[in-house]
Amino acid sequence: MRGILKHYEALLPLGPKTPRPDLGEGGTPLVHLPRLGAELGIDLWAKVEGCNPSGSFKDRGMVLAVAKALEGGARALICASTGNTSASAAAYAACTGLPCYVLLPAGKVAMGKLAQALLYGAQVLAVRGNFDRALELARSVAGEGGVALVNSVNRYRLWGQRSAAWEICDVLGDAPDWLAIPVGNAGNITAYWSGFVQYRRLGRSTRVPRMAGFQAAGSAPLVLGRMVDDPETVATAIRIGHPVNASKARWAVRRSDGFFEAVTDEAILAAQRDLARLGGLFAEPASCAPLAGLRLLHSRGELPQGIRVAMVLTGNGLKDPDAALRNAPTFREIDDTREALLEVMGK
Ligand SMILES: *Cc1c(COP(=O)(O)O)cnc(C)c1O
């Protein structure tokens, strides 16, 4: 069901006076992928977070962060973003009537996400620096004059994002064996883990999954075990060298007997294309790191066979058509005649 403040009211920190913004977030499809699963020898499912109102999972946490900001008397929102956080913050700012400032790394944001923030009416500021710098800046003014910071250092963001783990358990009847997820600022992997643990404690599931976190090779601080000052990857949503939730994510991975792994941009784009071609799902590059990672493990003989894996397709492919087209098949132009059409169709 859509609208997570309503649907999961009892599991969220909501009081009688908390405002309830609602853009119909959550309740996203969990899609079975038999063709890709067969190739890997696993029972593969995809949580299609691109179906959220602003096109990424960020809406799950943003709706709660904005509700709590309003409850606390906030007069404006601010965030730093690789794109999707700003799109989501701007959307909820629009529907609640709050001004919104978004700080983006100049020149490094996918076109669709930039268009969203602008059209939702946010004040968009391109910072001459990378995401990590933009976040430092946003943090430095948060709290002043009723400006609420809605980055994932805001605890309500991660709380709301737990709802995706709850939904997976609700649909499958229990947690999967593995949860495969892209990792940037490392908030979402942390949120999923909290959500799975909470559900087991409540008796709504019987187990928790192994957490498999995938990063882009050029931006893989959690795989390398050290921060990266100049992260670079086609997957701009995970182009983060200093993840603010790094220690929580490490803890989640350790507790779940999971791991972090890195995948190349080439593998990410190949996974994006095959997810579309063999699964019918169009996800942005960052979202395809898990599939690239599962394939990598399979090629090394390290993917257990027959397990049930849920992978998180964090954002919609339409947000970044430029990246997708780098690796796309080409099209042909033809004359506007029936003969020309039949010729290319091989008739
Ligand atoms: C934000 C985002 C991520 C990374 O999530 P973190 O919580 O920062 O690790 C991955 N994919 C997409 C599409 C995102 O928008």
Side-chain angles (χ1 to χ4, degrees), residues 25 28 46-52 54-62 65 79-89 91 102 104-105 108-110 112-114 116-117 131-132 134-135 150-155 157-162 164-165 179-195 211-216 219-223 231 233-250 252-253 260 263 268 271-272 275 281-293 311-320 323-324:
E25 62 291 322
T28 56
K47 183 70 169 153
V48 187
E49 291 292 276
C51 289
N52 278 296
S54 82
S56 84
F57 74 84
K58 299 296 198 296
D59 295 336
R60 297 176 178 277
M62 196 59 71
C79 66
S81 176
T82 58
N84 283 332
T85 294
S86 64
S88 185
V102 308
L104 305 174
K108 296 292 183 183
V109 172
K113 304 175 187 180
L114 183 60
Q116 286 182 287
F131 168 81
D132 302 301
L135 179 56
V150 293
N151 276 102
S152 61
V153 289
N154 177 319
R155 67 194 204 95
R157 286 278 309 282
L158 299 195
W159 200 326
Q161 285 172 210
R162 289 182 203 173
L179 192 280
I181 184 168
V183 176
N185 229 353
N188 210 24
I189 190 171
T190 305
Y192 267 86
W193 175 245
S194 305
M211 304 298 285
F214 295 99
Q215 298 205 286
S219 179
L222 290 161
V223 181
T233 168
V234 65
T236 50
I238 52 174
R239 185 175 171 271
I240 295 175
H242 291 248
V244 294
N245 296 295
S247 59
K248 289 186 209 156
R250 280 200 195 94
V253 159
F260 293 108
V263 289
I268 287 173
Q272 183 185 35
L275 184 66
L281 297 172
F282 187 27
E284 69 172 279
S287 306
C288 302
L291 179 58
M311 62 179 180
V312 185
L313 303 185
T314 45
N316 197 307
L318 292 171
K319 284 171 170 280
D320 193 358

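As the structure is a computational prediction, the values presented were derived from the model and not from experiment. The figures that follow rest on heavy atoms only: side chains count, while hydrogens, waters and symmetry mates do not. Order of appearance sets the numbers: ligands from 1, and atoms from 1 within every ligand.
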Donor-acceptor list for residues 311-319 side chains, cut-off 3.5 Å, not counting sequence neighbours:
{"unit_1": "T314", "atom_1": "OG1", "unit_2": "S287", "atom_2": "OG", "d": "2.7"}
{"unit_1": "N316", "atom_1": "OD1", "unit_2": "L318", "atom_2": "N", "d": "2.9"}
{"unit_1": "N316", "atom_1": "ND2", "unit_2": "G50", "atom_2": "O", "d": "3.4"}
{"unit_1": "K319", "atom_1": "NZ", "unit_2": "S54", "atom_2": "O", "d": "2.9"}
{"unit_1": "K319", "atom_1": "NZ", "unit_2": "N84", "atom_2": "OD1", "d": "2.7"}
{"unit_1": "K319", "atom_1": "NZ", "unit_2": "Q116", "atom_2": "OE1", "d": "2.6"}

**Prompt:** Tell me, which pairs form a side-chain hydrogen bond (donor to acceptor under 3.5 Å, both in side chains) where one or both residues lie in residues 235-244, sequence neighbours left out?
**Reply:** D229-H242, E232-R239

**Request:** Sequence neighbours left out, what passes salt bridge (charged side-chain N to carboxylate O under 4.0 Å, His left out) with E284? Give chain and number order.
**Result:** K113

**Asked** Do N245 and S152 have side chains that get closer than 4.5 Å, going by heavy atoms?
**Response** yes

Starting from the N and O atoms of ligand 1, find every protein N or O within less than 3.5 Å and list the pair with its distance.
{"unit_1": "ligand 1", "atom_1": "7 (O)", "unit_2": "G187", "atom_2": "N", "d": "3.2"}
{"unit_1": "ligand 1", "atom_1": "7 (O)", "unit_2": "N188", "atom_2": "N", "d": "2.8"}
{"unit_1": "ligand 1", "atom_1": "8 (O)", "unit_2": "N185", "atom_2": "N", "d": "2.8"}
{"unit_1": "ligand 1", "atom_1": "9 (O)", "unit_2": "G184", "atom_2": "N", "d": "2.8"}
{"unit_1": "ligand 1", "atom_1": "9 (O)", "unit_2": "N185", "atom_2": "N", "d": "3.3"}
{"unit_1": "ligand 1", "atom_1": "9 (O)", "unit_2": "A186", "atom_2": "N", "d": "2.8"}
{"unit_1": "ligand 1", "atom_1": "11 (N)", "unit_2": "T314", "atom_2": "OG1", "d": "2.7"}
{"unit_1": "ligand 1", "atom_1": "15 (O)", "unit_2": "K58", "atom_2": "NZ", "d": "2.6"}
{"unit_1": "ligand 1", "atom_1": "15 (O)", "unit_2": "N84", "atom_2": "ND2", "d": "2.7"}

**Message:** Using only atom types and a distance under 3.5 Å, with no angle test, would you say the side chain of Q161 pairs donor to acceptor with the backbone of K58?
**Reply:** no

**Asked** Can you find a heavy atom in the side chain of Q215 that is under 4.5 Å from one in the side chain of I238?
**Response** no

